[in-house]
Amino acid sequence: MMERDAIQDIAIKTLITNNGASMHDIAVAAGIGRTTLHRYFASRDDMLRALLLSAFQDIEQAMTECQIETGTALEALERIITVLMPIGHRFTFLLGAWPFAEDNKELKSRELRLLYQLEGLVQRGQKEKSLRTDLPVRWIIDTMTALLFMAWQRISDGYIAPRDASKLIMTTLLTGVGTH
């Protein structure tokens with residue numbers, strides 16, 4: 001029998017590509033019956049909440065493991081990108097696929113806590129003069145998250161190797177794609 005974590009992973013990947021996917025669609029993608037999926041999640045709403053909580057837990061754990069307060073901002077940024085790459089689809093799911101309901105204080109609080117960690121890191125990089133100060137903090141964060149998403153997509157499509165993703169993101173984030 002498939003484990004809950006594996007089902008959640010497939011559900012997240014399915015919902016990223018089709019945010020209207022039904023419980024049946026997710027069951028098919030996971031190679032299980034709809035009844036089996038309902039043993040884990042009573043409804044689609046229950047499943048979405050569980051997926052959000054699971055994604056937050058994985059990302060918060062990854063952020064803790066990176067020790068973003070240690071070393072330079074660029075070193076911390078590279079550690080973040082490296083640990084988020086294997087769970088990039090969960091990061092994408094949180095940041096893009098599901099807008100957080102304003103009335104869900106727990107999810108909104110967790111979202112803001114992650115954002116504040118990233119903002120603090122970017123501000124530190126700007127103070128260290130390793131990140132541009134003429135760009136807004138949120139623009140730098142949004143650029144990083146877009147690059148994470150694209151790297152995860154290209155890995156999924158087979159266009160880039162997972163081992164190359166972090167370097168590609170850091171190079172693009174820090175120097176762009178121009179020659180000057």
Side-chain angles (χ1 to χ4, degrees), residues 5 8-13 15-17 19 51-102 104-180:
D5 288 347
Q8 287 182 329
D9 211 45
I10 292 167
I12 286 173
K13 289 176 182 176
L15 288 163
I16 287 172
T17 59
N19 67 3
L51 295 176
L52 287 168
L53 292 174
S54 173
F56 268 120
Q57 182 178 349
D58 289 348
I59 291 164
E60 289 164 348
Q61 181 179 342
M63 293 290 284
T64 300
E65 289 172 9
C66 317
Q67 301 177 351
I68 62 173
E69 321 75 36
T70 307
T72 67
L74 287 185
E75 290 167 344
L77 188 60
E78 190 163 10
R79 285 193 303 273
I80 287 172
I81 289 167
T82 300
V83 300
L84 290 179
M85 278 314 306
I87 57 172
H89 57 291
R90 290 176 176 265
F91 191 73
T92 299
F93 181 72
L94 280 182
L95 293 180
W98 301 105
F100 302 105
E102 293 298 321
N104 191 324
K105 291 182 179 166
E106 176 192 3
L107 294 178
K108 193 65 178 171
S109 171
R110 290 174 89 170
E111 176 192 26
L112 290 173
R113 194 169 35 245
L114 286 171
L115 179 61
Y116 295 151
Q117 284 181 296
L118 293 173
E119 285 177 348
L121 179 59
V122 169
Q123 289 167 345
R124 193 171 101 216
Q126 289 176 325
K127 285 179 187 156
E128 293 172 0
K129 305 279 190 237
S130 58
L131 294 175
R132 289 174 51 174
T133 57
D134 62 325
L135 296 175
V137 170
R138 281 304 298 267
W139 180 255
I140 294 171
I141 293 168
D142 290 345
T143 302
M144 182 188 80
T145 57
L147 289 169
L148 278 164
F149 173 74
M150 290 311 304
W152 179 73
Q153 283 294 109
R154 296 299 71 90
I155 289 168
S156 297
D157 296 343
Y159 289 116
I160 64 171
R163 70 179 180 279
D164 298 333
S166 295
K167 183 178 180 190
L168 288 169
I169 292 171
M170 285 301 291
T171 299
T172 307
L173 185 63
L174 297 177
T175 60
V177 295
T179 58
H180 53 80

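For the numbers below, each heavy atom of this structure counts, side chains included, while hydrogens, waters and symmetry mates do not.
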Rounded distance [0.5 Å steps], [atom1] in [X] versus [atom2] in [Y]:
X      : Y      : atom1 : atom2 : value
Ile81  : Thr145 : CD1   : OG1   : 10.5 Å
Lys108 : Leu115 : NZ    : CG    : 8.5 Å
Leu52  : Glu111 : CG    : CD    : 10.0 Å
Leu148 : Met85  : CG    : CE    : 6.0 Å
Thr82  : Arg163 : OG1   : CZ    : 14.5 Å
Leu74  : Leu121 : CG    : CG    : 8.5 Å

For [X] against [Y], the heavy-atom pair lying closest together:
X      : Y      : answer
Leu135 : Gln126 : O-NE2, 3.1 Å
Ile140 : Arg132 : CD1-O, 3.8 Å
Gln67  : Arg79  : O-NH2, 2.9 Å
Cys66  : Val83  : SG-CG2, 3.2 Å
Glu69  : Arg124 : CA-NH1, 3.7 Å
Ile155 : Ala165 : CD1-CB, 3.7 Å

Single hit among Ile87, Ile16, Leu147 for side chain to side chain contact (heavy atoms under 4.5 Å, CB included) with Trp152: Ile16
Validation row: Leu77, Met144 side chains within 4.5 angstrom (heavy atoms): yes
Arg138 side chain near Glu119 side chain, heavy-atom distance below 4.5 Å: yes
Audit row: Glu65, Gln61, side-chain hydrogen bond (donor to acceptor under 3.5 Å, both in side chains) steps and yes/no: CA-CA 6 Å; Glu65 289 172 9; Gln61 181 179 342; 3.0 Å; yes
Expected output: side-chain Glu128 to main-chain Ala73 donor-acceptor under 3.5 Å: yes
Under-4.0 Å salt bridge between Arg154 and Asp157: yes
